[in-house]
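Working notes for the structure below.
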Amino acid sequence: MRQARERLGLPQDKLGVMIGIDEHSASARMSRYENGVHEAAISTARLLAVALDVPLAFLYCDDDKLAEMLLLAHGLSPKDRDEVLRLMSTKLEQASATPVARKEKLR
């Protein structure tokens, strides 16, 4: 969340107010969310995702590379997303067809 907020140059209090949190507690509450002290309810997380222009899954992703992929895919057109999905599927099929990959699957 912090990464997405900072990418937009938003201070914590402004983001909080944007999603309907009282301005007097917005900064503290956003800080608690960002630091993992409290987890936002899914309805709040959806508001945050919209305000930050990120997919909801981005806020829950614990893998930096996957989070970056989600963010990049979010910016693509539906047609381009389909193309990326096809490419990823092809890559996975190719990877699972290698002798090493087949051997790993058997373990």
Side-chain angles (χ1 to χ4, degrees):
M1 184 184 323
R2 177 177 284 122
Q3 174 191 5
R5 180 182 58 75
E6 290 176 347
R7 177 178 56 94
L8 295 177
L10 286 173
Q12 289 177 331
D13 60 338
K14 184 170 181 174
L15 176 59
V17 170
M18 285 173 65
I19 65 163
I21 299 173
D22 178 79
E23 65 182 300
H24 298 295
S25 60
S27 182
R29 200 152 142 207
M30 296 308 302
S31 177
R32 289 184 195 113
Y33 292 154
E34 287 184 0
N35 293 315
V37 175
H38 294 292
E39 187 172 322
I42 192 75
S43 57
T44 302
R46 279 192 183 102
L47 293 171
L48 287 166
V50 169
L52 295 169
D53 191 28
V54 297
L56 180 60
F58 177 84
L59 297 178
Y60 292 95
C61 192
D62 62 354
D63 179 302
D64 288 343
K65 290 286 184 185
L66 186 54
E68 186 177 353
M69 291 171 69
L70 287 167
L71 196 55
L72 291 171
H74 182 69
L76 295 175
S77 70
K79 182 181 175 185
D80 287 341
R81 286 182 189 180
D82 288 341
E83 186 178 331
V84 169
L85 282 173
R86 281 191 297 277
L87 176 62
M88 291 174 74
S89 292
T90 301
K91 288 288 188 185
L92 283 172
E93 288 170 9
Q94 291 171 349
S96 66
T98 64
V100 172
R102 284 194 304 269
K103 194 175 196 179
E104 289 296 318
K105 278 186 174 182
L106 295 175
R107 288 185 182 178

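No experiment lies behind these values; they were computed from the predicted model shown. The basis for the numbers below is simple: all heavy atoms, side chains too, and nothing from hydrogens, waters or symmetry mates. The residues of the chain are indexed from 1 along the displayed sequence.
For residues 20-36, every residue pair satisfying the salt bridge (charged side-chain N to carboxylate O under 4.0 Å, His left out) rule, not counting sequence neighbours, is listed here: R2-E34, R5-E34. Judged as a side-chain hydrogen bond (donor to acceptor under 3.5 Å, both in side chains), the pairs with a partner in residues 79-94 (not counting sequence neighbours) are, in order, S77-D80. Counting only residues at least two apart or on different chains, the side-chain hydrogen bond (donor to acceptor under 3.5 Å, both in side chains) pairs with a member in residues 49-67 are D53-H74. Under the salt bridge (charged side-chain N to carboxylate O under 4.0 Å, His left out) criterion, no residue pair touches residues 39-49, with sequence neighbours excluded. Sorted by first then second residue, the salt bridge (charged side-chain N to carboxylate O under 4.0 Å, His left out) pairs that include residues 6-19, not counting sequence neighbours, number zero.
Note on I21: it clusters hydrophobically with L10, by side-chain heavy-atom contacts below 4.5 Å among ILVMFWY residues. No continuous path of hydrophobic side-chain contacts links L66 to F58 [ILVMFWY only; heavy atoms under 4.5 Å]. When hydrophobic clusters are built by joining Ile, Leu, Val, Met, Phe, Trp and Tyr residues whose side-chain heavy atoms come closer than 4.5 Å, directly or via intermediates, L8 is grouped together with M30.
Closest of all the heavy-atom pairs between M18 and A51 is CE-CB, 4.0 Å. Smallest separation of non-hydrogen atoms from P55 and A49: C-CB, 4.2 Å. Of all heavy-atom pairs spanning A45 and A40, the tightest one is N-CB, 4.2 Å. The heavy-atom pair separating C61 from A67 by the smallest distance is SG-N, 3.5 Å.
Rounding to the nearest 0.5 angstrom, the gap separating the CG atom in L56 from the CD1 atom in I42 is 4.5 Å. The distance from atom CG of L48 to atom OH of Y33, rounded to the nearest 0.5 Å, is 7.5 Å. Separation of atoms CG (L52) and CG (L15) is listed at 5.0 Å; rounding is to 0.5 Å.
Apart from L70 itself, the hydrophobic cluster it occupies contains nothing, where clustering links Ile, Leu, Val, Met, Phe, Trp and Tyr at side-chain heavy-atom distances under 4.5 Å. Grouping Ile, Leu, Val, Met, Phe, Trp and Tyr residues whose side-chain heavy atoms lie under 4.5 Å apart, directly or via other members, leaves V50 alone, with no other cluster members. The hydrophobic cluster around L72 extends to none of the other residues, as no ILVMFWY side-chain heavy atom falls under 4.5 Å of it.
Taking L47 as the reference, I19 meet the side chain to side chain contact (heavy atoms under 4.5 Å, CB included) condition, with sequence neighbours excluded. Shown here are the side-chain hydrogen bond (donor to acceptor under 3.5 Å, both in side chains) partners of S31, two or more places apart in sequence or in another chain: N35.
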